[in-house]
Protein chains: 2
Amino acid sequence: MASIKDVAAAAGVSVATVSRVLNAHPSVSADARARVLTAVEALGYRPNAVARSLRTDQTHTLGLVISDVLNPYFTELARSVEEEARALGYSVIIGNADERPELQDHHVRNLLDRRIDGLLVSPTDGGSPLMLDAARAGTPMVFVDRWIPGVDVPVVRADGRAAVRDLVAHLYALGHRRLAIIAGPAATTTGSERVEAFRAALAEYGLSLPDVYIGQGDFQAESGRRVTEGFLDLPQPPEVVFAADNLMALGALDAVRVRGLRVPDDIALAAFDDIPWFVHTDPPITAIAQPTGELGRAAVRALVDRIEGRAAASVALSARLVVRRSCGEHLPRNRSTS
Amino acid sequence: MASIKDVAAAAGVSVATVSRVLNAHPSVSADARARVLTAVEALGYRPNAVARSLRTDQTHTLGLVISDVLNPYFTELARSVEEEARALGYSVIIGNADERPELQDHHVRNLLDRRIDGLLVSPTDGGSPLMLDAARAGTPMVFVDRWIPGVDVPVVRADGRAAVRDLVAHLYALGHRRLAIIAGPAATTTGSERVEAFRAALAEYGLSLPDVYIGQGDFQAESGRRVTEGFLDLPQPPEVVFAADNLMALGALDAVRVRGLRVPDDIALAAFDDIPWFVHTDPPITAIAQPTGELGRAAVRALVDRIEGRAAASVALSARLVVRRSCGEHLPRNRSTS
DNA sequence: GGCGTGGGTGTAATCGATTCCACGCCCCGT
DNA sequence: ACGGGGCGTGGAATCGATTACACCCACGCC
C-alpha cells in the first residue's frame, strides 16, 4: 500500500508538502498541489489513519459500550449514535456488554487501548474501578440511558416519570388495582428508577406496591418469563404486569400464553421501551416510548462537545405513553398506532 | 498517559526490555521482568494499540459491513461475529450500510484507512469499484449472507433452496395455489436467489410464478407494505405472500391488517429469516430460519484463516422451515415453537 | 540598493511501540 | 587458558504520518 513517501517521490516534492496538500495547508503553490494530487490519484493513495492517529493523538473515533445489542432499544440507540457521529466526522466502535460487567470492562479496556477520543457508556453495573479510573483520568465520557451515581460525567437519558404516571392513570381508569412490576437489576439506574417511579405513581392513586408484586429481572426475556410465572402462582396474582424493558415484556407474554391465559383478558401487560414489534404482537403492547434517536444524537453531541473542549451538559428528555390493547380498552377505538 | 518510556525509566531498564516483557519474549531475566511488571502496575500502563499497529502492521481488528443493523437478522449476525472474533483475539468494527451503496463505500473506505486486518461484507449492491479493488489488492475479505459474483472471495451463506421447497410443499398441502413473493433488490444475491428458489419449487408442483406475483421490495418494511397493497389490489390476489426477508413480512402484515383482512384466513404469509419476534406476532409467522449464529462464526473463522495465511473455503449451511400459524393449519396441533 | 517580509519548500524531530544488531558476560568444552 | 555459544541487554532504526524550524527567493518599501 502506497505511503506518503511514495506520493512525495512520484510528485517530486517532499513528504511535508504532500502532507500540507492533504491537510489543506495554505502555503502550497498551485503547481505543487496539482502534482501531488495527480500522484495521489495515480497511486490510489489513502493516508494511513493509524500513523496519523499516533502523531496527532486523535483517532476521530468514539467508543460506545451498550448493555445488549440484541435489545432493539439499544440497536436503535447505536444506530442513531453512529449517524450523528458520522455527521460530526467521527466513527464509532460498538462494544456489546451483554449485561455482563466483565465483558463491559473488556470493551472499555479495549477501546481505551485504541485511544478512542471519547466514550459513550450505558453501564451494566454500578461501575467498575476501570471505568471510574477512566472518568477520573479525564477520558471524555458521557453516560447514556443508564448512569453511575457519584461520577462527574454528563448523563443523557429519558425521564419516564410522567409517562409512568400516565400509564398508572390509564391502568387505574381501566379498573386495575393490583399492579406488579418486573424490575431490572438494582445495580442499574434504570433498574431502580423505574420501580420508584411506578411506586410513586401508584401512591398518587392510593395504591401500594407490595414486595411480592416486585419481581427481580435482569432485562432479558427469560427473567420476564420466570418472574411472571411467579406472579401467576401467587394466591392473588396481579391484574397487571409492567415490565421494565421490552425483552422482559416478551418473556412475560410467553409465560402468560404458556398457561393458556390471554392478554389483556386474564392479565394486562405493559412495558417500558417501545419498539416497532409491539404493534404486531398479539395483542399490541402498551408501552412507554423513549425518544431513542434523539437520545443517541444528544449523547454524541455532548460527548463531542467535551472532546473538542466545550462544556457538555446533562440532558433529560421525556418519555411518553403509547396506549395499545394489552391493558384492555375503555373506548371502542382507542388504540394508537405509532 | 504513561508510555513505554516511562515504564522503562521507572523500572531502570531500556524500552526494548519492557517491550520484551510485554510480549513474553524469552530472553529476559527474572529480575528485569519483575521490575518491569511492578512499574507497569504502579503506572497503570497500557500499551498504545495505535503505536503497536503502526509498527507491526496489524490491528487485530476485523471490519464488518452489514446492510441494515435494525434488521434483527443482521443484529444477530453482528453479535455472533463479534463473539467469535473476540474468542480468536480480534475486535470488530461494525459499519451499517443501511442498504445504501454510498454508505457502504464510506464504511469500507473508513475501515481500509484504519488498516483493519480483514473485511467481512454483506454487500448491498453488485459491488462498487472500491470493494472490487480492495479484493483485488489482496485485502483479506469474506462475504457473508450476500455476495458479489465473479469476485474471488470466499462466501459464507445459508442455502435456502431445500427450505423453500419445504415451504412450498407446506403451502401446497394447505391447498394454496396462487403464491406470490416480495423479492429483495435484484442487485443482491439474496434478492434474486430467493425468487429463483421459489420459482423452482413452485415448478415442482406444476405451479408458475407470474410476473404480477413478483413484487419488487428493498428488504425494508415499507416496501413490504407497498408491494402487498399492490397484490391485494389485483383482480385476483394471491392466496399466499412470501416475503424475502423479515422486515418486508412485517410491512406485509401491516398492509393486510390495515385492509381489515386477517392472516391466514384471508391471505397467508411466510417469511425468509426467522426472528424471535415471529413467535409473538398475531399470528405467529411461518418462516425459513437461517443458522445465523453459525454463519457469523464460520465467516469469522474463514476470514481469520485468510488473515493468518491459511486457506479459507466458502461455506454453505442449510436453512430450515419453521412452521407456525400464518399459512393456516392442517392438523390441530401442528405448530412448532422454536 | 539594501533590507525586511512572507510565501513556498525541505529537513528533521516526533508520536509509541517492535525488533535487528551488537555488545558484554558467563559458562563450558577442549 | 582460550574460544565459542548463549543469554540478557541496550542502542537505534523503523512504521507513516504531522509540524516546528530554517532556508531561499522574490518582492516591495524606503
Side-chain angles (χ1 to χ4, degrees), chain A residues 1-37 39-40 43-61 89 91 109-117 137, chain B residues 1-37 39-40 43-61 89 91 109-117 137:
Chain A
M1 184 146 284
S3 84
I4 196 172
K5 278 193 202 140
D6 304 318
V7 176
V13 297
S14 73
V15 294
T17 299
V18 176
S19 176
R20 279 188 276 255
V21 170
L22 264 29
N23 293 285
H25 186 101
S27 281
V28 183
S29 67
D31 175 56
R33 163 168 290 113
R35 293 218 309 284
V36 167
L37 291 178
V40 164
L43 295 171
Y45 168 75
R46 297 245 79 214
N48 183 327
V50 175
R52 176 177 297 189
S53 292
L54 176 60
R55 184 59 235 252
T56 61
D57 203 30
Q58 298 182 35
T59 49
H60 274 277
T61 303
S91 312
R109 189 165 4 243
N110 180 21
L111 292 166
L112 256 23
D113 285 355
R114 288 166 182 275
R115 302 301 193 264
I116 45 141
D117 293 341
Chain B
M1 184 148 283
S3 84
I4 196 171
K5 279 191 202 144
D6 304 319
V7 176
V13 298
S14 72
V15 293
T17 299
V18 176
S19 176
R20 277 188 278 257
V21 170
L22 265 29
N23 293 285
H25 186 103
S27 279
V28 182
S29 67
D31 174 56
R33 162 167 292 113
R35 292 219 309 282
V36 167
L37 291 178
V40 163
L43 295 171
Y45 169 75
R46 296 246 80 212
N48 183 326
V50 174
R52 176 179 300 198
S53 292
L54 176 61
R55 184 59 235 251
T56 61
D57 203 29
Q58 298 182 35
T59 49
H60 273 277
T61 303
S91 313
R109 191 166 0 245
N110 180 22
L111 292 166
L112 257 23
D113 285 355
R114 287 164 183 276
R115 300 302 193 266
I116 44 140
D117 293 342

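Convention: sequence-line order gives letters A, B, ...; per-chain numbering from 1.
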Task: Least distance between heavy atoms, A:Leu54 atom then B:Leu54 atom - done: CD2-CD2, 3.3 Å
- [ ] Return yes if some donor-acceptor pair links the side-chain N/O of B:Asp117 with the main-chain N/O of B:Gln58 below 3.5 Å, else return no.
- [x] no
- [ ] For A:Ala49, answer base if it contacts any base atom (sugar-phosphate contacts may also be present), sugar-phosphate if it contacts only those atoms, and nothing otherwise; contact means non-hydrogen atoms under 4.0 Å.
- [x] nothing
Atom pairs and distances, side-chain donor-acceptor, residues 20-28 of chain B, under 3.5 Å, sequence neighbours left out:
unit_1	atom_1	unit_2	atom_2	d
B:Asn23	ND2	B:Ser19	O	2.7
B:Asn23	ND2	B:Ser19	OG	3.3

Task: Earlier contact from the 5' end, DNA chain D, for A:Lys5 and B:Val13 - done: B:Val13
Task: Side chains of B:Val18 and B:Val13 in contact at under 4.5 Å (non-hydrogen atoms) - done: yes
- [ ] With a 4.0 angstrom cut-off to heavy atoms of chain B, pull out the first and last contacting nucleotide of DNA chain C, in 5'-to-3' order.
- [x] C:dC15 to C:dC20
- [ ] Could you check B:Ser14 against A:Ala51 and say which one's nearest nucleotide on DNA chain D is further toward the 5' end?
- [x] B:Ser14
TODO: Measure the shortest side-chain to side-chain distance between A:Arg115 and B:Asn48 over non-hydrogen atoms and say whether it is less than 4.5 angstrom.
DONE: yes
- [ ] Look up atom CG in B:Asp6 and atom CG in B:Leu43, then write down how far apart they are to the nearest 0.5 Å.
- [x] 6.5 Å
TODO: Pick base, sugar-phosphate or nothing for B:Ser19, based on heavy-atom distances below 4.0 Å to the nucleic acid.
DONE: base
Task: Terminal axes of the helix from C:dG1-D:dC30 to C:dT30-D:dA1 (five pairs each): angle between them, nearest 10 degrees - done: 60°
TODO: Look at all strands and tell whether B:Asp57 reaches a base, only sugar-phosphate, or nothing, counting heavy atoms closer than 4.0 Å.
DONE: nothing
Task: Any donor-acceptor N or O pair under 3.5 Å, side chains A:Arg114, B:Ser53 - done: no
Task: Distance test, side-chain N/O of B:Arg55 to OP1/OP2 of D:dT14, below 4.0 Å - done: no
TODO: Could you check A:Arg33 against B:Pro47 and say which one's nearest nucleotide on DNA chain C is further toward the 5' end?
DONE: A:Arg33
Task: Interatomic distance where CG belongs to A:Asn23 and C1' belongs to D:dT18 [whole Å] - done: 7 Å
Open item on the list: Any base atoms under 4.0 Å from B:Ser27, or only sugar-phosphate, or nothing? Heavy atoms, all strands.
Closed with: base
Task: A:Arg46 CZ - D:dA17 C1' separation (whole Å) - done: 14 Å
Open item on the list: Distance check, rounded to the nearest 0.5 Å: B:Asp113 atom CG versus A:Arg52 atom CZ?
Closed with: 8.0 Å
Task: Sub-4.5 Å side-chain heavy-atom contact between B:Arg46 and A:Leu112 - done: no
